[in-house]
Amino acid sequence: MLQIHNNLSKRKEPFRPIDPANVRMYVCGMTVYDMCHIGHARVLVVFDVVYRYLCEVFGSDHVTYVRNITDIDDKIIQRARENDEGIDSLTGRYIDEMNRDAEALGVLHPNQEPRATGHMQQIIDMIGTLVEKGYAYAADNGDVYYDVSHFEHYGRLSGKHIEDLRAGERIAVDEAKQDPLDFVLWKAAKPEEPAWDSPWGRGRPGWHIECSAMSTHCLGHHFDIHGGGLDLQFPHHENEIAQSEAATGETFVNVWMHNGFVRVDEEKMSKSLGNFFTIRDVLQQYAPEVVRYFILSSHYRSPLNYSDQHLDNAKAALTTLYTALRGFEDVAPAISADMTCVERFRAAMDDDFNTPEAQVVLFELAHEINKQTDPAAARQTAATLKYLGALLGLLQQSPEAFLQGEGAGEGPDSEAIEALIRQRTDARANKDWAESDRIRDLLREQGVILEDGPGGTTWRRV
RNA sequence: GGCUGGGUGGCAGAGUGGCUAUGCACCGGAUUGCAAAUCCGUGUACCUCGGUUCGACUCCGGGCCCAGCCUCCA
């Protein structure tokens with residue numbers, strides 16, 4: 001049975017959907033004012049795998065995955081101003097870029113991708129409810145704030161106590177707030193700022209309220225899983241709980257999942273530190289599937305250290321798997337052999353999505369293929385390998401495409417390589433080993449490795 | 001200061017109260033014209049100090065170190 005580490009209880013729990021016929025998951029997506037970096041790639045890939053596995057377990061018609069897009073906030077306004085362009089043009093551009101990255105990484109489309117600007121009515125309605133119920137108040141400056149002291153369970157998710165937070169030195173006091181811990185639900189617009197009409201005047205939503213409004217609108221007041229990066233645990237998700245449960249009077253989410261950070265030199269990768277690599281940059285150097293493999297090679301809650309060495313390692317590992325799949329392009333993914341491996345794979349995934357352990361099973365299957373003497377049995381094992389690979393979003397391209405793919409766009413094209421191979425084959429037929437080795441070394445220098453097999457010479461790029 | 005999580009072999013990274021992780025790298029052998037790939041095989045480990053136990057890397061306690069949250073961030 002699937003067990004998931006629930007950040008609300010800080011332990012692994014058996015996953016029991018509210019309605020097995022409709023498992024519902026909401027993940028906090030991107031704020032679209034810049035290119036996505038590897039930290040964003042991790043959220044996309046990690047929850048893509050969660051989604052794929054939920055579909056495997058409950059059936060793809062019985063899972064609803066919602067990932068939102070934040071397309072209005074202070075940073076977007078600021079960036080649009082800097083660029084001297086409208087926010088729609090800015091966010092539209094970066095949504096396209098995000099989709100390009102996600103597609104490259106083999107991330108499936110969520111069932112819904114709600115945007116904040118498309119749900120103003122739901123946002124305003126929820127704020128209205130909070131004001132009515134006494135959980136929120138309109139300040140003199142036109143802002144509306146959430147009154148944290150009114151919500152009994154505030155701090156439960158992040159393990160914080162209101163008193164400790166109050167004692168903290170780093171909380172800036174805003175004059176309009178009754179309490180420094182209160183957070184904004186509705187921000188009054190300054191002239192020139194994008195704004196929507198509301199009972200409290202023209203303005204825009206605070207960051208947290210959009211997720212409460214969109215998630216409950218798309219998935220109902222009470223749903224199964226809410227995910228996002230660990231940095232959203234506090235205050236974003238804490239505030240979402242406070243807003244949603246105060247507004248609906250119901251439990252908001254059963255299971256909270258947070259993926260760990262991507263690090264560079266033992267330090268968190270983040271926009272504010274400026275130590276981030278964009279997905280696009282990394283894809284200049286490495287195939288998207290290598291990046292995906294790398295992300296899944298550590299458990300989603302662990303930190304993930306980013307470095308060329310790790311990416312190189314991922315590439316080598318993936319090369320081993322694809323090498324085993326050579327000659328099985330036409331084999332369709334299917335569970336057709338070796339149920340022990342399938343069961344071990346599932347056991348790994350059932351254990352809080354242990355993808356590194358699941359990858360181990362992939363190697364065992366590759367190993368088995370290599371050892372098979374019976375071609376039919378080898379095909380069955382290959383089919384199983386592809387099937388399990390698909391659950392991780394891996395191993396779905398043709399082995400030759402992966403092995404011969406041009407990573408950095410350097411090196412000779414395939415026609416030139418094939419021509420040299422023909423030349424070398426002639427030389428070898430004449431036992432002209434010097435010429436044969438010269439050609440092989442020449443290609444080696446250009447990043448092409450030749451392999452003489454019983455069926456002729458094959459090649460791949462380093 | 002308050003609160004989290006973590007310290008495993010050359011690197012990465014799972015896991016377990018007693019029995020091979022795995023990948024990459026390395027070494028020996030098979031194979032090969034020589035290689036590459038593959039196969040067979042060897043080696044290297046569990047931060048530190050105590051405790052519990054027949055037995056702990058695995059459980060408990062102290063210490064040291066690292067990362068993160070407490071402010072925008074996936």
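Residue numbers start from 1 in every chain, and the chains themselves are labelled A, B, ... in the order their sequence lines are given, proteins ahead of strands. Keep in mind that the numbers below use all heavy atoms, side chains included, and drop hydrogens, waters and symmetry copies. Note that this is a predicted model, so its numbers are computed, not measured.
For C34(B), its base never sits under 3.5 Å from the side chain of Asp441(A) at any donor and acceptor pair. Side-chain atoms of Lys271(A) stay outside donor-acceptor range of the base of C72(B), with no qualifying N/O pair under 3.5 Å. Remark: the Lys75(A) side chain and the C73(B) base include no donor-acceptor N/O pair separated by less than 3.5 Å. Counting atom types as modelled, Asp231(A) pairs no side-chain N or O with a base atom of G68(B) as donor and acceptor under 3.5 Å. At a cut-off of 3.5 angstrom, the base of G6(B) holds no donor-acceptor pair with the side chain of Ser302(A). Donor-acceptor pairing under 3.5 Å, judged by distance alone, is present between the side chain of Arg440(A) and the base of A35(B).
For an aromatic pair to be called close, the ring centres must be under 6.0 Å apart, and His208(A) with His237(A) fails this.
Using cut-offs of 30° and 60° for the angle between ring planes, the Trp207(A) and His236(A) rings count as parallel.
Residue Lys371(A) places at least one side-chain N or O under 4.0 Å from the OP1 or OP2 atom of C40(B). At A37(B), none of the side-chain N or O atoms of Trp459(A) fall inside 4.0 Å of OP1 or OP2 (strictly under the cut-off). Taking 4.0 angstrom as the limit, Arg460(A) places a side-chain polar atom (N or O) nearer than this to OP1 or OP2 of A37(B). Thr319(A) has no side-chain polar atom (N or O) that falls below the 4.0 Å cut-off from OP1 or OP2 of C24(B). The shortest distance between the side-chain N/O atoms of Lys315(A) and the OP1/OP2 oxygens of C24(B) is not below 4.0 Å. At C39(B), one or more side-chain N or O atoms of Asn370(A) fall inside 4.0 Å of OP1 or OP2 (strictly under the cut-off).
Across the protein-nucleic acid pair, Arg344(A) atom CZ and U16(B) atom P stand 13 Å apart, rounded to whole Å. When the P atom of C73(B) is taken as reference, atom NE2 of His40(A) falls 10 Å away, rounded to whole Å. If you take CZ of Arg42(A) and C1' of C73(B), they are 15 Å apart, rounded to a whole angstrom. Atom CD in Glu238(A) sits roughly 13 Å away from atom P in C72(B) (whole-Å rounding). Rounded to whole Å, the distance from NE2 on His367(A) to P on A21(B) is 15 Å. Between Arg263(A) atom CZ and C11(B) atom P there is a gap of 16 Å when expressed in whole angstrom units. Rounded to whole Å, atom C1' of A14(B) lies 6 Å from atom CG of Asn354(A). Spacing between atom CD1 of Ile295(A) and atom C1' of G13(B) amounts to 16 Å, rounded to whole angstrom units.
Distance from the side chain of Pro235(A) is smallest to C72(B) among A36(B), C72(B), U22(B). Distances from the side chain of Thr320(A) to the nucleotides C24(B), G33(B), A74(B) place C24(B) closest. Considering only the side chain of His310(A), A12(B) comes nearest among A12(B), A36(B), G33(B).
Atom CZ of Arg100(A) has 12 or fewer heavy atoms from other residues, nucleotides or ligands within 6.0 Å. The local environment of CZ in Arg79(A) is crowded, with over 12 non-hydrogen atoms from other residues, nucleotides or ligands closer than 6.0 Å. Annotation: Lys190(A), atom NZ; neighbour count of heavy atoms from other residues, nucleotides and ligands within 6.0 Å does not exceed 12.
Tyr33(A) carries Lys271(A) over the face of its six-membered ring, with the cationic atom under 6.0 Å from the centre and within 45° of the normal. Lys268(A) forms a cation-pi arrangement with Phe261(A), by the criterion of a distance under 6.0 Å to the ring centre and an angle within 45° of the ring axis.
Here, U31(B) and G41(B) have their C1' atoms 15 Å apart, quoted to the whole Å. C60(B) and G6(B): their P atoms are spaced 11 Å apart (whole Å). For U8(B) and G15(B), the C1' atoms lie 10 Å apart once the distance is rounded to whole Å. Atom name P, nucleotides C19(B) and C24(B): the rounded distance is 25 Å, in whole Å. One P atom belongs to U58(B), the other to C49(B), and the distance between them is 12 Å to the nearest Å. Across the C1' atoms, U20(B) and A35(B) are found 31 Å apart, a figure rounded to whole Å.
Here Phe261(A) does not count as stacked on G68(B), because the ring centres are not under 5.5 angstrom apart with planes under 30°.
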